[in-house]
Structures are given as structure tokens and as C-alpha cells.
Peer 1: 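Questions regarding the structure given below will be posed in turn.
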2 protein chains.
Amino acid sequence: MEMKECSVEFHANCPSRLLLDQIADKWSMMILAVLADGPLRFNAIKRGLEGITQKALTQTLRKLERNGIVARHVIATSPVAVEYEITDLGRSLLGPFKALYMWTRENMPEVEAARAAFDARMEETT
Amino acid sequence: MEMKECSVEFHANCPSRLLLDQIADKWSMMILAVLADGPLRFNAIKRGLEGITQKALTQTLRKLERNGIVARHVIATSPVAVEYEITDLGRSLLGPFKALYMWTRENMPEVEAARAAFDARMEETT
DNA sequence: CAGAATCCAAACCGATACTG
DNA sequence: CAGTATCGGTTTGGATTCTG
């Protein structure tokens with residue numbers, strides 16, 4: 001019997017890895033969900049995401065814009081209005097994201113049970 | 001015409017949000033992919049993930065174990081062997097993860113183009 | 001082999017103040 | 001309104017050393 005090694009490998013420079021780092025963060029998924037129904041202005045997005053700071057929102061929007069997932073439109077009124085809109089590319093991401101979201105909803109109870117069991121085991125060793 | 005607000009809202013204590021924070025991190029997805037074909041020992045996993053440190057691997061495995069996504073089996077040989085195996089719960093996550101992974105592979109070119117365009121625009125304003 | 005412990009630097013994070 | 005700039009504080013992350 002030979003040694004077991006993994007058949008899949010992930011290299012440090014694997015392009016999908018670099019991209020995953022970009023999109024699989026705390027806020028990106030939620031921002032996209034919020035923009036799914038139509039373009040929104042900066043503060044409207046902010047109001048939809050309880051707990052996000054202005055700084056985090058700005059940074060995440062910039063990153064999404066750079067990756068072509070949202071588009072930023074400046075409307076030259078006074079004071080200026082800025083609208084963020086999901087792009088076609090971003091829209092194509094909604095499917096995968098939704099699958100992940102549905103998984104969390106469906107499997108939450110089982111995860112909670114696992115956590116409780118794990119924490120109980122930790123307790124008893126203490 | 002009424003003000004546009006978002007119809008979806010994410011609350012800070014939304015359970016799916018808490019779970020998403022746990023599973024959508026840099027290494028979890030890749031560890032799961034590596035374990036998909038069968039159980040592996042600690043250092044075999046490590047060899048499959050170029051760039052991961054022992055500390056990061058330990059931490060991520062603990063988290064996955066706590067959430068019931070992988071199982072840890074200690075084999076009392078000398079020196080000890082420890083095998084990590086994906087659980088049924090973890091296996092059910094592979095689908096959503098794979099969808100995300102496929103998306104990155106398919107849309108990488110478009111993302112790169114968007115980045116180049118964005119960075120070029122930044123240059124010209126400087 | 002599979003970690004735990006420690007140390008230090010770097011990245012992040014929220015709060016605050018300021019601006020066109 | 002939609003940001004930028006700045007500043008501590010905390011968290012993270014790597015490198016190293018040690019152990020059953």
C-alpha cells in the first residue's frame with residue numbers, strides 16, 4: 001500500500017486562488033445581494049448592511065469595482081450622488097453565492113449541534 | 001417617485017452571516033477540496049496547500065472540526081498519526097464551493113480585463 | 001508526526017475629523 | 001452626500017522553538 005497523498009493541489013500562484021481571496025470576504029457577498037434588485041446609492045447600501053462601517057464599505061466597493069463586479073456612476077448633482085450597480089459579470093456570481101447562502105440556511109442546525117458537541121468535549125478535558 | 005432603498009437587509013446577528021464568516025475564508029475551501037477524495041493526515045494536507053503554515057492549518061482544521069465539517073481521528077501509533085476526514089455535512093458543502101470555484105475559472109479573463117482597465121484609469125488621474 | 005507556545009511585525013479596524 | 005486622511009488598538013500571520 002502506497003502513502004496517501006492528495007491528488008488535488010493548490011499552488012500559491014493559482015489564479016483561482018487569487019480571485020477567491022478577493023470575492024470570498026465578509027462583505028462582498030452581502031453587498032452583491034443588496035445590489036441584486038437594482039442600483040443603489042452609497043448610503044442606501046450602508047443602511048442595508050447593519051454593522052458595516054463607512055470605511056469597510058468604501059474599500060469593498062472599490063475592490064468590487066476593480067474586479068468588474070459592480071459599476072460606479074457619478075451623477076453630477078449638488079451635492080453629488082453616486083450610484084452603484086451590479087454588472088453582468090457580478091450578476092453571474094449571484095448563482096454561486098446563493099448556493100452558499102442556501103447551504104448556510106439549511107445546515108445551520110447541524111452546525112450548531114456540532115459546535116455544542118465540540119465545546120462540550122473541550123469542557124470535559126478541562 | 002419614492003427614495004430607493006434596498007429591499008434586502010442583513011442584520012448583524014443574522015445566523016447565516018455568522019456562519020458565512022466561518023466558512024468563507026481563505027483556506028477552508030481549499031482544505032475541503034483536498035479532503036474530498038479521502039481522508040488525509042496533517043502533513044499530507046499541508047503538502048497539498050502550497051503556502052499554508054502549520055499554524056494556519058491547525059487553526060483552520062480546528063474551526064472546520066468544531067463546525068462539524070471535518071472529523072479528526074487520532075490513531076495511537078508511535079509516533080501518533082492523525083487523520084482528517086470530510087464529514088457528510090462537509091461533503092454537502094462541496095457543491096456550493098465547486099460552483100464558486102468554477103465561476104472563478106470561467107470568469108478569470110473578464111476579471112483581469114476589468115482590473116487592467118481600472119488600474120489604467122487610476123494611472124491617468126495621477 | 002502533529003501539534004502547542006512564544007514572539008514580533010504587519011495588516012486590519014473602528015472612531016474621529018475633515019472636504020468638495 | 002460620498003467620500004479621504006489619520007491614528008491607536010486589536011487582531012492576524014509568519015517564523016521559530018519545543019514536545020509527547
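Computed from a prediction, not measured in an experiment: that's the story for all the values here. All chains are named by letter (A, B, ...) in the order of the sequence lines, taking the proteins before the strands, and each is independently numbered beginning at 1.
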Peer 1: To the closest 0.5 Å, what do you measure between OG1 (B:Thr60) and CD1 (B:Ile69)?
Peer 2: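 Reported to 0.5 Å precision, the distance equals 11.5 Å.
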Peer 1: Using side-chain heavy atoms (C-beta onward) and a distance below 4.5 Å, is B:Ile23 in contact with A:Thr104?
Peer 2: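 Touching, per the 4.5 Å side-chain cut-off.
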Peer 1: Run the side-chain hydrogen bond (donor to acceptor under 3.5 Å, both in side chains) test against A:Arg66 and tell me which residues pass, sequence neighbours left out.
Peer 2: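 Applying side-chain hydrogen bond (donor to acceptor under 3.5 Å, both in side chains) to A:Arg66 gives B:Asp119.
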Peer 1: Tell me: CG of A:Leu57 to P of D:dG3, nearest whole Å?
Peer 2: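 Taking atom P of D:dG3 as the reference, CG of A:Leu57 is at 8 Å.
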Peer 1: Name the first nucleotide and the last nucleotide along DNA chain C (5' to 3') that come under 4.0 Å of a heavy atom in chain B.
Peer 2: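 Endpoints of the contacted stretch of DNA chain C: C:dC1 to C:dC7.
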Peer 1: As an exercise, state the distance from CD of B:Glu65 to CZ of A:Arg121, rounded to the nearest 0.5 Å.
Peer 2: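 With rounding to 0.5 Å, CD (B:Glu65) is 5.5 Å from CZ (A:Arg121).
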Peer 1: Check whether any side-chain nitrogen or oxygen of A:Arg41 sits under 4.0 Å from OP1 or OP2 of D:dA2, and answer yes or no.
Peer 2: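 Affirmative; the distance criterion is met.
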Peer 1: Using atom CG of A:Leu61 as one end and atom C1' of D:dT4 as the other, report the distance to the nearest whole Å.
Peer 2: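 Checked: the CG to C1' distance equals 15 Å.
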Peer 1: If the helix axis at each end comes from five base pairs, how far does the helix from C:dC1-D:dG20 to C:dG20-D:dC1 deviate from straight, to 10°?
Peer 2: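 For the helix from C:dC1-D:dG20 to C:dG20-D:dC1, the axes at either end differ by 50°.
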Peer 1: side-chain contact (heavy atoms from CB on, under 4.5 Å) with A:Gln59: which residues, sequence neighbours excluded?
Peer 2: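 Here the qualifying residues are A:Lys55.
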Peer 1: Excluding sequence neighbours, so at least two apart, what forms side-chain hydrogen bond (donor to acceptor under 3.5 Å, both in side chains) with A:Gln54?
Peer 2: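 Once residues adjacent in sequence are excluded, the partners of A:Gln54 under the side-chain hydrogen bond (donor to acceptor under 3.5 Å, both in side chains) criterion are A:Thr58.
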Peer 1: Does B:Glu110 have any side-chain hydrogen bond (donor to acceptor under 3.5 Å, both in side chains) partners at least two apart in sequence or in another chain, and if so, which?
Peer 2: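 Once residues adjacent in sequence are excluded, B:Glu110 has no partner under the side-chain hydrogen bond (donor to acceptor under 3.5 Å, both in side chains) criterion.
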Peer 1: Applying side-chain hydrogen bond (donor to acceptor under 3.5 Å, both in side chains) as the test, list every pair that has at least one member in residues 87-97 of chain B; sequence neighbours left out.
Peer 2: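 Qualifying pairs: A:Trp103-B:Ser92.
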Peer 1: Pairs under 3.5 angstrom, nitrogen or oxygen only, protein versus nucleotides 13-20 of chain D, please.
Peer 2:
| from | atom 1 | to | atom 2 | distance (Å) |
| --- | --- | --- | --- | --- |
| D:dG14 | OP2 | B:Thr53 | OG1 | 3.3 |
| D:dG14 | O6 | B:Lys55 | NZ | 2.2 |

Peer 1: Quick one: side-chain contact (heavy atoms from CB on, under 4.5 Å) partners of B:Thr77, sequence neighbours excluded?
Peer 2: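 For B:Thr77, the residues satisfying side-chain contact (heavy atoms from CB on, under 4.5 Å) (neighbours in sequence not counted) are B:Ile75, B:Ala81.
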Peer 1: Given side chains that start at C-beta, do those of B:Val82 and B:Arg41 come closer than 4.5 Å, heavy atoms only?
Peer 2: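 Counting from C-beta outward, B:Val82 and B:Arg41 never come under 4.5 Å.
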Peer 1: Counting neighbours of NZ on A:Lys98 that are heavy atoms of other residues, nucleotides or ligands and sit closer than 6.0 Å, is the number greater than 12?
Peer 2: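 Not buried by this count: 12 neighbours or fewer within 6.0 Å.
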Peer 1: Applying side-chain hydrogen bond (donor to acceptor under 3.5 Å, both in side chains), can you list everything that pairs with B:Arg105, at least two apart in sequence or on another chain?
Peer 2: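 Listed in chain order: B:Tyr101.
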Peer 1: Dump the pairs, protein N or O against N or O of nucleotides 9-11 of chain D, anything under 3.5 Å, distances to one decimal.
Peer 2:
none

Peer 1: Quick one: side-chain contact (heavy atoms from CB on, under 4.5 Å) partners of A:Glu106, sequence neighbours excluded?
Peer 2: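 A:Glu106 satisfies side-chain contact (heavy atoms from CB on, under 4.5 Å) with A:Met102 once adjacent residues are dropped.
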